[in-house]
Amino acid sequence: MQHDHRTMEHPRICKPTQPSRTPHLTDYDTTVAQFSWSEAQAQLDGLPAGGGLNMAHEAVDRHVMNGRGQQTAIRWLGKHGERRALSYTELSRASNQFANALESLGVKPGERVFVLMGRLPELYVSVLGALKARCVVTPLFSAFGPEPIATRADLGDARVLVTTPELYQRKLRALRERLPGLRHVIVVGPAPTEDAGLHAWDALVAAASTQYTIAPTDPESTALLHFTSGTTGRPKGVLHAHAAVLAHAVTGRFALDLHDDDVFWCTADPGWVTGTSYGILAPLVCGVTNVVVEAEFDAQTWYGVLAGERVTVWYTAPTAIRMMMKLGTEALRGHDLSALRFMASVGEPLNPEAVVWGVQAFGLPFHDNWWQTETGGIMVSNFVSMDIKPGSMGKPLPGITAAIVRLEDGRVHLLEEPDMDGELALKAPWPSMMRGYLNEDARYRRCFVDGWYLTGDLARRDAEGYYWFVGRADDVIKSAGHLIGPFEVESALMEHPAVAEAGVIGIPDPVLGEMVKAFVALKPGFDAGEPLRRELLGHARKRLGAAVAPRQIDFRDNLPKTRSGKIMRRLLKARELGLPEGDLSTLESDEKK
Ligand code: ATP
Ligand code: MG
């Protein structure tokens, strides 16, 4: 059955033929035809004297060497109204100090440095400094409780951890015994106690030399260890090499259209891969001014940042967009957003309603793009010069070969016809492809079949080459012989003016196999009663047809989400069926029971 209401209902958003600023990618097909990763290498400098490739050199030092040291690299907005700006020169020196501090502690290349703190300037300095020292960096969400911290630090064999005195006291101190490999903890501020291996930033880092020469760095050496969001189960540790920085450079230009005079804001926390790849590396590699906001989401604060900092390029996520939509466009009144020229979204499917709302509210559409921790960078994207079909995640990055495939008898079969549902696969390798899952070799190898990396996500490609997200392979619902992607059902519900958020799952049913059930959070001012439930059931049936529409709708104040803001359908399902809830370490803490 054909249920592609997304394309039918939402007309494409056409891009001006004379854009206000010439994009890096002006014509998709031409760029795809001409692109090669080896030529793109020219966007990077490499370490002097053929010393290889180091992410931190590309992100920071080379701008200083190229005469752009005075430009602001990081503009930090503290949650109590403080402001701090670090030029590329200052960031280079500060990260040199951190690299020297690690060496003074005897920390060796390849050893793991974990960073556990809110979005403070020292987080950025630590990540870049540890990369310079050729250590492997893992940023963790500061909101994690002791258990998820201990699990990750143990799994990842953390040797050094950088944190704040307060987080040390509250979360880490009691864990030290369980983490014998964790030799050093550096606290940003005065050390709160005299514990062994505890160092105060001021004495250790701020006192270190600002001169540092990055040793030759093998592009294939490990730079980052990222844990996945844990939406579908226990988070996996994903390893990335310094070579990934080439993908950061290319996607920063093509997918986010970053120019070196841009003021860029990525709202993701570096505890999630977007916050590192696009909250630290890509913007700095592209030489922009990177706005860092310490405070958590609040619509008025965010609009204030966009206006006050004159942000030009903004990268955010569907949850935040849905929260803004809940408040309506009136909340934007009085904010001058005239500097904003490009908005993008990642992390979850972006409902067509949200794309269209962007135009109403900001005069610009949100550009959805797709990637995952394992891919290290944006792989499918709505490029600035390309028309948008709301609900589509766009087209593959130049240099990336994507396909819709089906696995049969252990072999990959390409589904060449348009509009076929199958698994999204990417031709291996590319520079930011993961180099391994931590301690899970077999699992890593299973991701690759016949030279393709299998993403675990289902999608379809239309006749014009646009990709449409269908759902995670694990979340797809099989009902009365139909394969139903939850996203499609959620998007149809989102079209109703009362609906702020929707999460859709399949629950076992003796007749249908699985029955589609929706959980809905309402916008303010709507009553969660029987009349509205019936209205929503009717609306969905009209939009999707009886076979695909939910049979049951439950109202919830909020839907359970990961720390990175993704709806956790597995948890909705576990709770609905009274099953064990499994690992909740990535759940938003206020949701935890
Ligand atoms: P885990 O692998 O631990 O279950 P996760 O998959 O949520 O967690 P991430 O790597 O942070 O961890 O998220 C990547 C996934 O998020 C993608 O595989 C996809 O399912 C979803 N995703 C990201 N961007 C989009 C998008 N634009 N449209 C649809 N889905 C997206
Ligand atoms: Mg995943």
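Just follow the structure's listing: the first ligand is 1, and inside any ligand the first atom is 1. Given the structure is predicted, the values throughout are model-derived calculations rather than measurements. Only heavy atoms go into these numbers, but all of them, side chains included; no hydrogens, no water, no symmetry mates.
Ranking the protein heavy atoms by distance from atom 16 (O) of ligand 1 puts Lys566 NZ, 2.9 Å first. Annotation: atom 4 (O) of ligand 1 to nearest protein heavy atom, Thr232 OG1, 2.4 Å. The shortest contact between atom 2 (O) of ligand 1 and any protein heavy atom is with Lys236 NZ, 2.9 Å. Given atom 10 (O) of ligand 1, the protein heavy atom at minimum distance is Thr373 OG1, 2.5 Å. Looking only at protein heavy atoms, the nearest one to atom 26 (C) of ligand 1 is Glu348 O, 3.4 Å. Counting protein heavy atoms only, atom 6 (O) of ligand 1 is closest to Arg472 NH1, 2.9 Å. Looking only at protein heavy atoms, the nearest one to atom 12 (O) of ligand 1 is Ser229 N, 3.2 Å. Of all protein heavy atoms, the one lying nearest to atom 29 (C) of ligand 1 is Pro349 N, 3.2 Å.
Within the listing of ligand 1, atoms 1 (P), 3 (O), 4 (O), 5 (P), 7 (O), 8 (O) sit less than 4.0 angstrom from a heavy atom of Thr231. Of all atoms in ligand 1, listed by their number and element, those nearer than 4.0 Å to a heavy atom of Gln372 are 10 (O), 14 (C), 17 (C), 18 (O). When each atom of ligand 1 is checked for a heavy atom of Trp272 under 4.0 Å away, the hits are 9 (P), 11 (O). Counting the atoms of ligand 1 from 1 in the order shown, those under 4.0 Å from a heavy atom of Val346 are 24 (N).
At least one N or O atom of Gly347 sits closer than 3.5 Å to an N or O atom of ligand 1. For ligand 1, the polar-atom distance check finds no N/O of Thr455 at less than 3.5 Å from any of the ligand's N/O atoms. Residue Pro235 has no nitrogen or oxygen atom sitting less than 3.5 Å from a nitrogen or oxygen atom of ligand 1, judged on distance alone. On a distance-only criterion, Arg234 and ligand 1 share no N/O pair closer than 3.5 Å.
Residue contact annotation: Trp371 has a non-hydrogen atom under 4.0 Å from ligand 1. At least one heavy atom of Asp368 sits closer than 4.0 Å to an atom of ligand 1. By the 4.0 Å heavy-atom criterion, Asp457 is counted among the residues contacting ligand 1.
Summarising the geometry of Trp272 relative to Gly347, their closest heavy-atom pair is CH2-CA, 3.5 Å, with the distance given to 0.1 Å.
In summary, Arg563 and Asp269 do not engage in a salt bridge, as defined by a charged side-chain N under 4.0 Å from a carboxylate O. Taking the charged nitrogens against the carboxylate oxygens, Lys561 and Glu348 have no contact shorter than 4.0 Å, which rules out a salt bridge. Taking the charged nitrogens against the carboxylate oxygens, Arg12 and Asp387 do have a contact shorter than 4.0 Å, which makes a salt bridge. Remark: Arg569 engages Glu490 in a salt bridge, criterion side-chain N to carboxylate O under 4.0 Å.
Tyr453 places a side-chain heavy atom less than 4.5 Å from the side chain of Thr375. By the 4.5 Å heavy-atom criterion applied to side chains, Lys389 and Asp462 are counted as neighbours.
Formation of a donor-acceptor pair under 3.5 Å by the Ser491 side chain with backbone atoms of Asn351 is not found in this model. For Ser229 (side chain) and Thr231 (main-chain N/O), no donor-acceptor pair under 3.5 Å exists by modelled atom type.
If you look at Asn369 next to ligand 1, the close heavy atoms, those under 4.0 Å, all belong to the backbone.
Not counting sequence neighbours, the partners of Phe362 by the ring-ring contact (aromatic ring centres under 6.0 Å, His included) test are Trp314, Trp357, Phe366.
Evaluated by nearest non-hydrogen atom to atom 31 (C) of ligand 1, the leading choice among Phe227, Tyr467, Trp370 is Trp370.
Aromatic rings from Trp371 and Tyr278 are positioned such that their centres are separated by under 6.0 Å.
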Could you list the donor-acceptor pairs under 3.5 angstrom formed between side-chain atoms of residues 143-155 and any protein atom two or more places apart in sequence or on another chain?
from	atom 1	to	atom 2	distance (Å)
Glu147	OE1	Arg178	NH2	3.3
Glu147	OE2	Arg178	NH1	3.0
Thr151	OG1	Glu147	O	2.7
Arg152	NH1	Pro148	O	3.1

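Within a 6.0 Å sphere centred on CD of Glu417, other residues, nucleotides and ligands contribute 12 heavy atoms or fewer.
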